[in-house]
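Only a predicted model underlies this, so the values are computations on that prediction, with no experimental measurement involved.
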Amino acid sequence: MSKTLRRRVLTVDELAELYGIPISTQREYRARGTSAPYFRAGNRILHRVEAVEDWIKAQERTAESDVGDTVACDGTAAVTDRRARAHADVESAPEAQRGGDES
């Protein structure tokens, strides 16, 4: 193999080393279906470098979009901020449940 040929796939160890994503986190992401795209070669899990970089770009967000949102791999957003969910629950609760005046 030529020294100029770039490596096109990464193992989970290499992904951890190069991108700082711990192996345990990678395992959790795969179990949840939110990991970088991967394929198996025998018992090895491999990631194409291009797919990892695209996945990372999809995870990037601006300061304005980072208010309790998590962007999934499919581009959808899900509210994960407990305060935002709690606020929504309080706003939708009947007056008596919120401790309001019952008169």
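Side-chain contact between Y29 and W55 is present, with heavy atoms from C-beta onward closer than 4.5 Å.
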Check: residues 45-54 side-chain donor-acceptor pairs under 3.5 Å, at least two apart:
| from | atom 1 | to | atom 2 | distance (Å) |
| --- | --- | --- | --- | --- |
| H47 | ND1 | P37 | O | 3.0 |
| E53 | OE2 | Y19 | OH | 3.3 |

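The side-chain contact (heavy atoms from CB on, under 4.5 Å) search around D13 returns T11, I23, not counting sequence neighbours. Residues forming a salt bridge (Lys or Arg N to Asp or Glu O under 4.0 Å) with R40 (at least two apart in sequence, or on another chain): none.
Between atom CG of residue L10 and atom CD1 of residue I21 there is a gap of 10.0 Å, rounded to the nearest 0.5 Å.
For residues 16-37, the pairs satisfying salt bridge (charged side-chain N to carboxylate O under 4.0 Å, His left out) are E28-R32, with sequence neighbours left out.
For the pair V12 and Q26, the tightest heavy-atom approach, listed with the atom from each and the gap, is O-NE2, 3.0 Å.
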